[in-house]
Number of protein chains: 2
Amino acid sequence: MIETTSSMMNKLSQSIEDSPAPIYARVKQAICLKINSGEWQANQRVPSESEMVKALGVSRMTVNRALRELTDEGILIRQQGVGTFVAKKKTHSALSEIHNIADEIAQRGNQHRAELIEIIRTNASMEEAINLSVRTNHTIFRATIVHFENELPIQIEERVVNATLAPDYDKQDFQQNETYDYLMKVAPMTEGEHLVEAVMPSAYECKLLQIEANEPCLQIKRRTWCDDQLVTTARLLSPSSRFQLFGHFGGK
Amino acid sequence: MIETTSSMMNKLSQSIEDSPAPIYARVKQAICLKINSGEWQANQRVPSESEMVKALGVSRMTVNRALRELTDEGILIRQQGVGTFVAKKKTHSALSEIHNIADEIAQRGNQHRAELIEIIRTNASMEEAINLSVRTNHTIFRATIVHFENELPIQIEERVVNATLAPDYDKQDFQQNETYDYLMKVAPMTEGEHLVEAVMPSAYECKLLQIEANEPCLQIKRRTWCDDQLVTTARLLSPSSRFQLFGHFGGK
DNA sequence: GAAACTATCTTGTATATACAAGATAAACTT
DNA sequence: AAGTTTATCTTGTATATACAAGATAGTTTC
């Protein structure tokens with residue numbers, strides 16, 4: 001069956017019903033929904049601007065902005081005189097998916113164990129708590145955890161958690177690494193960023209990691225948000241001999 | 001001396017003289033020039049849209065597009081009802097994008113220069129040439145390049161290139177970093193992977209990078225393919241004080 | 001048949017206009 | 001003096017209109 005343009009637009013017009021978001025953003029959402037649901041496949045052509053104008057009842061400039069921004073974001077590909085097409089999904093680096101070291105270790109078939117060194121509940125800005133230039137004056141948890149792979153220390157986790165969003169963080173079982181699942185449950189991460197550096201560990205950190213003083217470490221600072229609210233920040237420190245980051249891009 | 005708005009716009013109007021690029025792009029360029037030259041400092045307020053309209057003789061929507069895109073790119077910060085400000089310069093690299101250090105440095109508004117230390121054409125397996133467990137028995141180029149940001153060494157690039165796919169690699173201008181464009185031209189990368197580690201540089205590498213012997217470095221090993229053929233492998237070494245990896249996921 | 005032209009589709013840009021909404025300082029009221 | 005209103009600045013969005021320019025299919029011309 002050949003899908004006609006009108007059938008392509010079926011639910012598109014319903015999905016931009018009135019909501020607080022601006023129109024161009026709703027148009028973007030509606031298009032993303034079509035793509036993510038699989039209804040609009042990669043390389044497939046999407047309706048032209050004028051068709052969307054007719055179907056959605058908005059002006060062409062509004063549709064144009066939505067399509068242009070999605071093109072900038074790599075979701076669509078446009079060619080003057082030809083049309084607009086769904087871009088192939090970019091497989092971005094596994095770096096963005098290593099949120100949970102326990103899962104990674106399990107995936108390697110090794111045994112994971114976490115050791116809670118310290119956890120405190122305090123009232124401090126996130127900025128004070130971890131050097132990532134963020135301002136929130138909430139009650140926070142500050143935890144230090146050491147992760148083991150087959151009883152060998154592989155990572156120090158210094159985590160700061162927004163206690164307003166995750167009030168029961170300290171009641172989780174740290175040894176079984178329930179903390180990650182708990183955080184995802186109470187405040188599913190919608191946005192995040194990380195900073196990767198090479199650093200020399202302090203003497204105390206060397207002791208925790210059971211490494212020589214001259215071994216460099218990979219440090220990952222990560223911040224994750226849920227709907228514009230900072231949920232948690234983390235500083236992850238791993239000795240280079242036991243931890244590497246691997247990423248893959250392009251291809252299938 | 002207080003800088004008046006009119007003096008802020010002095011050369012701005014001259015710099016968008018007619019050229020092939022669209023007007024909004026020329027407005028963006030002119031603003032970037034002001035920022036990169038240091039005339040508009042970080043956190044400083046820039047002229048309002050209506051002021052730019054008057055000064056440049058273009059419509060407000062065109063100025064708005066230029067400012068909006070620069071905001072999306074993290075160059076500017078806008079606040080409704082208040083104004084537009086120069087954002088603090090970000091000194092990190094985007095991890096999700098393909099690495100071309102020259103472009104990244106240019107994007108930061110800094111000057112890039114590359115120095116070719118050595119290039120040889122030889123017959124060896126890629127596996128021998130760089131320790132990444134890859135087998136190809138082709139003729140290869142092996143080059144060592146040092147990249148400078150504002151005359152400060154920021155990265156050592158040890159590159160191995162498949163000479164069958166890129167026969168004229170050694171004829172490119174290394175100082176101008178034509179090599180990246182050349183590789184993309186002869187064998188557009190369709191797939192790649194990278195491995196990130198923290199390492200201690202050798203004495204020779206410290207000398208090339210002009211750093212102390214105890215400074216850890218971020219090492220990125222990268223392999224890129226074009227249609228299942230290995231095009232090039234690279235080992236990129238950057239001192240932690242001058243180079244960080246940055247990644248962003250989720251959100252818009 | 002081949003080349004040139006044309007109509008018509010597409011996206012890309014530029015403009016004027018309009019109103020909404022956030023922020024701020026001055027003016028006003030109590 | 002303290003709070004309220006108002007005027008006015010800012011950015012944010014939505015629209016209609018217009019023309020430019022790339023691509024393509026069909027038509028005409030030679």
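Chain letters run A, B, ... following the sequence lines, proteins first and then strands; every chain starts at 1.
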| query | Counting distance only, does the side-chain N/O of A:Thr71 pair as donor-acceptor with the main-chain N or O of A:Leu67 below 3.5 Å? | reply | yes
| task | Encode nucleotides 19-27 of chain C as B, S and - characters from 5' to 3', where the letter depends on protein heavy atoms closer than 4.0 Å: B to the base, S only to sugar-phosphate, - to neither. | result | --BBS----
| What integer distance in Å separates B:Lys54:NZ from C:dA16:P? | 15 Å
| Nearest-nucleotide 5' precedence on DNA chain D, B:Ser50 against B:Arg68 | B:Ser50
| The side chain of A:Arg78 lies closest to which of these nucleotides: C:dT11, C:dA14, D:dT11? | C:dT11
| query | Is there a donor-acceptor contact under 3.5 Å from the side chain of B:Gln44 to the main chain of B:Gln41? | reply | yes
| remark: Whole-Å distance, A:Ile77 CD1 to D:dA23 C1', equals 17 Å
| Between B:His147 and B:Glu157, do the side chains contain an N or O donor and an N or O acceptor separated by less than 3.5 Å? | yes
| In whole angstroms, how far is the P atom of C:dT13 from the NZ atom of B:Lys28? | 10 Å
| task | Let me see the working for B:Asn150 and B:Gln111 under side chain to side chain donor-acceptor pair (under 3.5 Å), right down to the final yes or no. | result | CA-CA 5 Å; B:Asn150 290 348; B:Gln111 188 235 331; over 6 Å; no
| request: Could you state the atom-to-atom distance from CD of A:Glu49 to P of D:dT15 in whole Å? | output: 14 Å
| field | All ring-ring contact (aromatic ring centres under 6.0 Å, His included) counterparts of B:Phe85, not counting sequence neighbours | value | none
| B:Ser48 side chain N/O closer than 4.0 Å to the phosphate oxygens (OP1, OP2) of D:dT10? | yes
| Side-chain N or O of A:Tyr24 less than 4.0 angstrom from OP1 or OP2 on D:dT13? | yes
| request: In whole angstrom, give the distance that lies between atom CE of A:Met61 and atom C1' of C:dT17. | output: 14 Å
| Say you draw a straight line from CZ of A:Arg26 to CD of A:Gln29; how long is it, rounded to the nearest 0.5 Å? | 9.0 Å
| field | Polar contact flag, side-chain donor to acceptor under 3.5 angstrom, B:Arg159-B:Thr233 | value | no
| Separation of A:Asn64 atom CG from D:dA16 atom P, in whole Å? | 14 Å
| In whole Å, what is the span from the CZ atom of B:Arg65 to the C1' atom of C:dT11? | 12 Å
| field | Any B:Thr84 side-chain N or O less than 4.0 Å from OP1/OP2 of D:dT10 | value | no
